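Written out below as structure tokens is the structure these notes cover.
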Amino acid sequence: MGDSPLVTLYFIRHGETEVNRHNCVQGKRIDPPLNDRGKRQAECVGNRFQTDSVNWIVTSAARRTIETGSAISAHHPDIPVDRFSELNELEFGDLEGRHVTAGYNDLVVKWDEQHQTDLSAPGSGGESPAACAKRAMPCIQHIVQTATDQGLKHVCIVAHSRLIQIVLATMLDGTLQTMKAYKQKKAAINTINVRLADGPWGIAATAGKINSTAHMPDSVVSRVSSAKAMVSQSKRDALTCFELDSNGVLALRYLNTPPQ
């Protein structure tokens with residue numbers, strides 16, 4: 001396998017959504033579209049690859065990644081586009097839709113600082129980083145194998161912040177204890193060169209640029225972050241919540257007010 005051809009994977013985080021803008025947790029089940037800033041970010045991602053060779057576009061099954069990926073395929077209309085639910089974001093259980101100060105940031109400390117990577121997010125369906133890696137990495141291995149077999153040298157993979165952190169830490173370092181080093185900005189691009197090799201996932205990987213936003217002007221880069229929320233949080237923040245309304249539409253409300 002040492003002689004297998006090199007494949008370049010571009011791991012791209014999706015653009016901003018209204019859930020992002022309000023500093024709430026999206027995860028695997030919450031599936032909003034891009035907001036206006038997110039659409040501009042996606043356009044910048046597409047422009048970044050306008051004149052570059054792209055042979056395959058892969059996204060998760062989430063709307064926000066599909067919309068971001070569409071900005072790339074607009075410049076490469078004849079290449080294949082595939083969706084893999086295995087690349088959906090980590091399932092954050094009861095924290096999904098809630099503000100990051102309502103338990104999410106505490107959970108991240110346990111994962112990133114205390115390295116409790118087998119600890120699941122609270123509530124039904126909540127995943128741990130280790131469980132997320134077990135479903136995502138076989139998919140990444142399949143993508144690399146397919147790209148190698150079919151001579152697809154440049155693959156764009158549009159996914160999610162925590163999932164990208166998990167995959168990069170696993171591929172580059174062989175451990176989830178380094179996830180924090182791969183924290184992702186909205187619409188950031190990560191360049192990873194891979195080839196088939198002996199090892200746990202059959203992949204040898206080396207990093208190029210990580211978490212790059214050089215393709216976006218400063219006016220388009222997102223202004224919100226979970227870290228900033230901890231510094232300037234208000235009592236109302238912890239009550240902020242996105243839930244499905246009676247029509248199945250994702251809606252913002254506050255927990256001390258009844259849903260519409």
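These values consider heavy atoms only, across backbone and side chains, with no hydrogens, waters or symmetry-generated copies. Note that the structure is a prediction, hence the values are computed from the model and not measured.
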>> Set out, in order, the CA-CA distance, both residues' side-chain angles and the distance that settles side chain to side chain donor-acceptor pair (under 3.5 Å) for H75 and D52, then state yes or no.
In response: CA-CA 10 Å; H75 297 291; D52 284 7; over 6 Å; no

>> Out of the candidates I12, I143, I164, only one should pair with I157 under the side chain to side chain contact (heavy atoms under 4.5 Å, CB included) rule; please name it.
In response: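 Per the side chain to side chain contact (heavy atoms under 4.5 Å, CB included) rule, the option paired with I157 is I143, out of I12, I143, I164.
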
>> Please identify which of these residues, Q41, K39, E18, meets the side chain to side chain contact (heavy atoms under 4.5 Å, CB included) condition with L34.
In response: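 The option that passes is K39.
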
Check: [X]/[Y] side-chain N/O donor and acceptor closer than 3.5 Å:
X	Y	result
T178	D173	yes
S4	T148	no
D118	S128	no

Does the side chain of [Y] come within less than 4.5 Å of [X]'s, by heavy atoms?
X	Y	value
V19	I30	yes
K28	L90	no
V45	I72	yes
V144	W201	no
N55	H76	no
D31	R63	yes
I189	R13	no
N88	L163	no

>> Test side chain to side chain donor-acceptor pair (under 3.5 Å) on S120 and E127; report intermediate values, then the result.
In response: CA-CA 5 Å; S120 296; E127 282 185 301; over 6 Å; no

>> Show, in sequence, the C-alpha distance, side-chain angles and deciding distance for W111 and L119, and conclude whether the side-chain contact (heavy atoms from CB on, under 4.5 Å) test is met.
In response: CA-CA 7 Å; W111 287 344; L119 177 66; 4.0 Å; yes

> With the 4.5 Å side-chain cut-off for hydrophobic clustering, are L87 and V54 part of the same group?
Replying inline: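 In one cluster: no.
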
> Do I140 and V194 sit in the same hydrophobic cluster, where Ile, Leu, Val, Met, Phe, Trp and Tyr count as joined when their side-chain heavy atoms come under 4.5 Å apart?
Replying inline: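 Linked, I140 and V194 end up in one cluster.
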
>> Between E89 and S161, does the side chain to side chain donor-acceptor pair (under 3.5 Å) criterion hold? Intermediate values first, please.
In response: CA-CA 8 Å; E89 180 62 296; S161 180; 5.3 Å; no

How many angstroms lie between atom [atom1] of [X] and atom [atom2] of [Y], to the nearest 0.5 angstrom?
X	Y	atom1	atom2	value
C132	F92	SG	CZ	8.5 Å
L196	D149	CG	CG	7.5 Å
T117	K110	OG1	NZ	14.0 Å
L172	T175	CG	OG1	12.0 Å
L168	Q184	CG	CD	6.0 Å
R21	R223	CZ	CZ	14.0 Å

Ignoring hydrogens and angles, tell me if any N or O in the side chain of [X] forms a donor-acceptor pair with the backbone of [Y] under 3.5 Å.
X	Y	answer
T65	A62	yes
S222	V224	no
N193	T8	no

> Run the side-chain contact (heavy atoms from CB on, under 4.5 Å) check on T240 and C24 step by step: do they pass?
Replying inline: CA-CA 8 Å; T240 305; C24 292; 3.6 Å; yes

>> Less than 6.0 angstrom separating the ring centers of F242 and H22, yes or no?
In response: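 Aromatic pair counts; centres sit under 6.0 Å.
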
> Mind checking whether H14 and H160 have ring centres under 6.0 Å apart?
Replying inline: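 Yes: the rings meet the under 6.0 Å criterion.
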
> Under the side chain to side chain donor-acceptor pair (under 3.5 Å) criterion, do D237 and T101 qualify, and how do the steps go?
Replying inline: CA-CA 7 Å; D237 284 344; T101 57; 5.1 Å; no

>> Would you say CD of Q141 has more than 12 non-hydrogen atoms from neighbouring residues, nucleotides or ligands within 6.0 angstrom?
In response: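 Correct, the count exceeds 12.
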
> What do you reckon, is CZ of R83 surrounded by more than 12 foreign heavy atoms closer than 6.0 Å?
Replying inline: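 Check fails, neighbour count at 12 or below.
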
>> E16 vs R40, test: side-chain contact (heavy atoms from CB on, under 4.5 Å). Steps then yes/no.
In response: CA-CA 9 Å; E16 184 181 287; R40 293 196 298 273; over 6 Å; no

> Between Y10 and R48, is there a cation-pi geometry (under 6.0 Å to ring centre, at most 45° from the normal)?
Replying inline: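 Yes; both conditions hold, so R48 lies above the ring face of Y10.
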
>> Determine whether M137 and E86 satisfy the following criterion, side-chain contact (heavy atoms from CB on, under 4.5 Å), listing intermediate values before the conclusion.
In response: CA-CA 9 Å; M137 285 307 300; E86 294 90 345; over 6 Å; no

